[in-house]
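Quick one: structure below, then a few questions.
All values below come from the heavy atoms of this structure, side chains included, with hydrogens, waters and symmetry mates left out. Quick note on labels: first sequence line is chain A, next is B, and so on, each numbered from 1.
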Amino acid sequence: MKLATWNVNSLKVRLPHLLDWLQQSQADVVCLQETKTEDANFPRAEIEAAGYQAAFAGQKTYNGVAILSRQPLQDVQVGIPGLADEQKRVLAVTVGTTRIIDLYVPNGQSVDSDKYQYKLKWLEALADWLKAELAQYPELAVLGDFNIAPEDRDVYDPAAWAGQVLCSESERAHFRALLGLGLKDGFRLFEQPEKSYSWWDYRQGAFRRNMGLRIDHILLSPALARRCTACTVDTAPRKLERPSDHAPVIAEIG
DNA sequence: ATGGCGCGCGCAGCGCGA
């Protein structure tokens, strides 16, 4: 089973890339973020024609998450229980015996911003919820745009980014707290090339110069981590015309 | 030097992302 996450930065604009990539990757479950598409406009027919069922929670202009699956989706849940949040950032479904959670963690803008405080509160609520989810679902996968580079090796220029949003100690502590629940960072289960990233700024030729951050992650419960045979970033879509600024991350579960 | 790019919205130029 192949599980993937991809921040598409507008599903409408990226739909041709997504359809090509579904065909190429043969992913079984794909978590999307920043669909920026209201549910009434979700491209259900195109997704179904590609062989996928979809669950989605979108809004106009900002945010929006969707989960595509070749197998039937069940028990769809939107948002973090108990967290009042109008922003569509969380979607959970069950596929077979696996619980899939799709996250678009708040960006935070900058460490002195109100949005950063919202991000930290949000991450606190997330950890509480995931603890309960782990107790309920031994086969749990949490995929998405975490907007956190967990370690310096996930940053092209750690000195320049030190203490900045996406790399701050508080954000990293929240990420480590998720690992503390027993979740494994799928990417780090394996030896990886140095300077592996999942996001590159559109400006300054950042992708060409590999000035990136690894902020898109696949976290796996112990039972799934044991069965995980690979986890990679697929940079091919980032090389296309009019790409998303994020690349897909994909994990294979045996 | 606070910008560079790309998106949505909506028809000019701004807010936002990371």
Could you name each residue pair satisfying salt bridge (charged side-chain N to carboxylate O under 4.0 Å, His left out) that touches residues 60-71 of chain A, not counting sequence neighbours?
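Qualifying pairs, neighbours excluded: none.
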
For the C1' atoms, the ones on B/dT2 and on B/dA12, what distance do you get once it is rounded to whole angstrom?
22 Å

Tell me whether A/Arg214 is salt-bridged to A/Asp185, with the criterion being a basic N under 4.0 Å from an acidic carboxylate O.
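So A/Arg214 pairs with A/Asp185 through a salt bridge.
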
When rounded to the nearest 0.5 angstrom, what distance separates CD1 in A/Ile80 from CZ in A/Arg89?
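Rounded to the nearest 0.5 Å, the CD1-CZ separation comes to 10.0 Å.
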
On DNA chain B, nearest-nucleotide positions of A/Arg242 versus A/Tyr62: which is more 5'?
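Of the two residues, A/Arg242 wins.
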
Give me the distance, rounded to whole Å, that separates B/dG10 from B/dG15 when you measure between the P atoms they each carry.
15 Å

For DNA chain B, what residues of residues 160-171 of chain A have any heavy atom nearer than 4.0 Å?
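Output list: A/Leu166.
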
Does A/Glu169 pair with A/Arg176 as a salt bridge, N-O distance under 4.0 Å?
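Salt bridge between A/Glu169 and A/Arg176, a charged N being under 4.0 Å from a carboxylate O: yes.
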
Any Lys/Arg nitrogen of A/Asp245 or A/Arg203 sitting under 4.0 Å from an Asp/Glu carboxylate oxygen of the other?
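Here A/Asp245 does not pair with A/Arg203 in a salt bridge, since their nearest N and O are not under 4.0 Å apart.
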
Would you say the side chains of A/Trp122 and A/Asp85 form a donor-acceptor pair under 3.5 Å?
yes

Rounded C1' spacing from B/dA1 to B/dG13 in Å:
22 Å

Stem segments of DNA chain B by first residue number [Watson-Crick or G-U, under 3.5 Å, at least 3]:
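Runs of three or more consecutive pairs: B:5-9 with B:13-17.
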
Just confirming the chi classification of B/dG4, syn or anti, using 90° around 0 as the syn window.
syn

Over all strands shown, is A/Lys115 touching base, sugar-phosphate only, or nothing at heavy-atom distances under 4.0 angstrom?
sugar-phosphate

More 5' along DNA chain B: A/Gly108 or A/Pro243, using each one's nearest nucleotide?
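Closer to the 5' end of DNA chain B: A/Pro243.
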
Restricting to salt bridge (Lys or Arg N to Asp or Glu O under 4.0 Å), what partner residues turn up for A/Asp234, sequence neighbours left out?
none

Identify, with sequence neighbours excluded, every residue that meets ring pair (Phe, Tyr, Trp, His ring centres under 6.0 Å) alongside A/Phe207.
A/Trp200

Could you give the start and end, 5' to 3', of the contact zone on DNA chain B for chain A, using atoms under 4.0 Å from its heavy atoms?
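From 5' to 3', the first and last contacting nucleotides are B/dG4 to B/dA18.
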
Checking A/Ser244 side chain against A/Asn7 main chain: does a donor-acceptor pair fall under 3.5 Å?
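Checked: pair present.
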
Would you classify A/Asp145 as touching base, sugar-phosphate or nothing, given that sugar-phosphate means primed atoms plus P, OP1 and OP2, and contacts are heavy atoms under 4.0 Å?
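Answer is sugar-phosphate: A/Asp145 comes under 4.0 Å of backbone atoms only.
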
Sugar-phosphate, base or nothing in reach of A/Tyr197, heavy atoms under 4.0 Å:
nothing

Please tell me whether A/Thr97 and A/Glu139 have a donor and an acceptor in their side chains that are separated by less than 3.5 angstrom.
yes

Please classify the nucleic acid contact of A/Asn63 as base, sugar-phosphate, or nothing, using heavy-atom distances under 4.0 Å.
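A/Asn63: no heavy atom of the nucleic acid under 4.0 Å.
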
Classify A/Asp201 by what it touches in the nucleic acid, base, sugar-phosphate, or nothing, heavy-atom distance under 4.0 Å.
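No contact.
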
Describe, in one word, how the ring planes of A/Tyr197 and A/Tyr156 are oriented to each other, choosing from parallel (under 30°), tilted (30 to 60°) and perpendicular (over 60°).
perpendicular

